[in-house]
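Written below as structure tokens is the structure these notes are about.
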2 protein chains.
Amino acid sequence: MNDSKEHIVLVASKLFLQKSFKEVTMSELVKATGLSKGAFYHYFVSKEQLFMEVLDFFFTSVMTHRYEKYSRESFYQFYHDYANEIYEYGKKYLDRFELDENDCDLSQNYFTLAFDALKLFPEFKEKMIAGLKLELDIWTEVIKNAREKGEIQCLMTDEQIARTFINLSDGIAMHMVIKGSTIMEMVPPFMELWDKLYEMMKA
Amino acid sequence: MNDSKEHIVLVASKLFLQKSFKEVTMSELVKATGLSKGAFYHYFVSKEQLFMEVLDFFFTSVMTHRYEKYSRESFYQFYHDYANEIYEYGKKYLDRFELDENDCDLSQNYFTLAFDALKLFPEFKEKMIAGLKLELDIWTEVIKNAREKGEIQCLMTDEQIARTFINLSDGIAMHMVIKGSTIMEMVPPFMELWDKLYEMMKA
DNA sequence: TTAATTAAACCGAACATTCGGTATGTTAAC
DNA sequence: GTTAACATACCGAATGTTCGGTTTAATTAA
């Protein structure tokens, strides 16, 4: 991709994480990029197309888990690797968007960005649901192995355990977002609960 | 409050639950109410004021828990009462906004409404945080009693248990929202997990 | 090496439309 | 005849987009 185009996408990502699609103005965007309206429409046919490319960039490049990197030896190692990756996200995120810790109340908008995407592009919904399903399946598989190996034992089914861990972290993330916390600050709170849950299930 | 004004707030609530503050336009709103711009500005000084009144209506009248109504006898009863109230919400909600089950993919926007509120009215943040804190405190108190009475026993502290239950349900709600579920449909999924968690802690 | 040609990159004023908001009515009740 | 409850026509500012143009870079010809 062209340098300028990439630059526009990056700058736009930052803006779309702070404001909704509607709230981000072309003049604002153009000003933030340092380029002109003409330059913008040289690379994009519309504001909508830019938004789509931002979504693609964000959800397939910034916000994806690389499950294959996480340990499958033990459930304990797996969820620690998982949490660690989220933490690394946080740093990469701040770095990528050149934010210091002070002005990153924008972490909030991972959620609003997602909701905005769902509203504007209904086809995005299937993608997201598929992503959630995949995540659940992987967790379930890991937990199944852990149980078979005798690492854990629990009244819950494998999938119930998986849902408990995943949804718990998402719920905490939402609460933290309301409070204006950064992604990195989210990890310890749910790690604390994850570890306790794990302890309760340890064989 | 005047009939017309109340009507405007109700119609506006429905719209603000589907779209963001910016996305809802005056013409759209006026058309939806069946009244005119003159009528609107007779009752409200601005779109912002309306939004504030909608927030007040929604978060203090529709979306509040009446904790005093929940049983404090047992933790089990408490969280069942809690879940039941959410379910009743759902019905009241659909009823209040005159929706049938088909067109209520708008349940989504409880979250976006809240985020929108946070962005527009920073003072709303303190209110929400205070609300979350209150909720956590009440849960913690109930759990403390349950433990003292020998109803439950658990490795976690009282507050950790409370956070686990609360955040878990919020996380599930968010997932369901992405999938386009209604509020009522959210209850069984987290009830299933709550019951299992409870079973794990039952003395 | 340089001049000529072409294409890509970029600019910014101007466009039609839509936005939230206002000014000026009209009507009916008391 | 005053006032509350609306309706209608209208305003200026802001919106996303277009378009005629300029600058810059790459390519070719002399």
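Reminder, nothing fancy here: chain letters follow the sequence lines and each chain counts from 1. When reading the values below, keep in mind they use all heavy atoms of this one structure, side chains included, and skip hydrogens, waters and symmetry mates.
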- [ ] In whole angstrom, give the distance that lies between atom NZ of B:Lys47 and atom C1' of C:dT22.
- [x] 17 Å

TODO: Round to the nearest Å and state the distance from B:Met26 atom CE to C:dT17 atom C1'.
DONE: 18 Å

TODO: Answer yes or no: side-chain N or O of A:Lys37 and base N or O of D:dT17 forming a donor-acceptor pair under 3.5 Å.
DONE: yes

Task: Whole-Å distance separating the CG atom of B:Leu50 from the P atom of C:dC19 - done: 16 Å

Open item on the list: Can you tell me if B:Thr25 touches the phosphate of C:dT18, counting only side-chain N or O atoms and a distance under 4.0 Å to OP1 or OP2?
Closed with: no

TODO: Begin from the C-alpha positions of B:Lys179 and B:Glu185 and carry the test salt bridge (Lys or Arg N to Asp or Glu O under 4.0 Å) through to its verdict.
DONE: CA-CA 11 Å; B:Lys179 292 183 187 170; B:Glu185 290 167 343; over 6 Å; no

Task: Check: B:Phe165 ring centroid to B:Tyr82 ring centroid under 6.0 Å - done: no

Task: Distance-only side-chain donor-acceptor flag, A:Tyr67 / A:Glu85, under 3.5 Å - done: no

Open item on the list: From NZ of A:Lys5 over to P of C:dC10, roughly how many Å is that when rounded to an integer?
Closed with: 13 Å

Open item on the list: Nearest to the A:Leu35 side chain among D:dC6, C:dG21, C:dC11, which nucleotide is it?
Closed with: C:dC11

Open item on the list: Between the side chains of A:Lys127 and A:Glu123, is the shortest nitrogen-to-carboxylate-oxygen separation below 4.0 Å, so that they form an ion pair?
Closed with: no

- [ ] Take the protein atom CD1 of B:Ile8 and the nucleotide atom P of D:dA5, then report the distance between them rounded to whole Å.
- [x] 11 Å

Task: For atom CG of B:Leu29 and atom P of D:dA7, their distance in whole Å - done: 13 Å

Task: Rounded distance in Å - CD (B:Gln49) to P (C:dG21) - done: 11 Å

TODO: Please tell me which of A:Gly38 and A:Lys22 maps to the more 5' nucleotide of DNA chain D, matching each residue to the nucleotide holding its nearest heavy atom.
DONE: A:Lys22

Open item on the list: Any side-chain N or O of A:Ser4 below 4.0 angstrom from OP1/OP2 of C:dC10?
Closed with: yes

Task: Any B:Tyr41 side-chain N or O less than 4.0 Å from OP1/OP2 of D:dA7 - done: no

Task: A:Arg163/B:Glu192 ion pair, N-O < 4.0 Å - done: yes

Task: Phosphate contact (C:dA8 OP1 or OP2) by A:Tyr43 side-chain N/O below 4.0 Å - done: no

Open item on the list: Base, sugar-phosphate or nothing for B:Val24? Non-hydrogen atoms, less than 4.0 Å.
Closed with: sugar-phosphate

- [ ] Please check the phosphate of C:dA9 (OP1 and OP2 only) for any side-chain N or O of A:His42 closer than 4.0 Å.
- [x] yes

Task: Whole-Å distance separating the CD atom of B:Glu23 from the P atom of D:dA14 - done: 21 Å

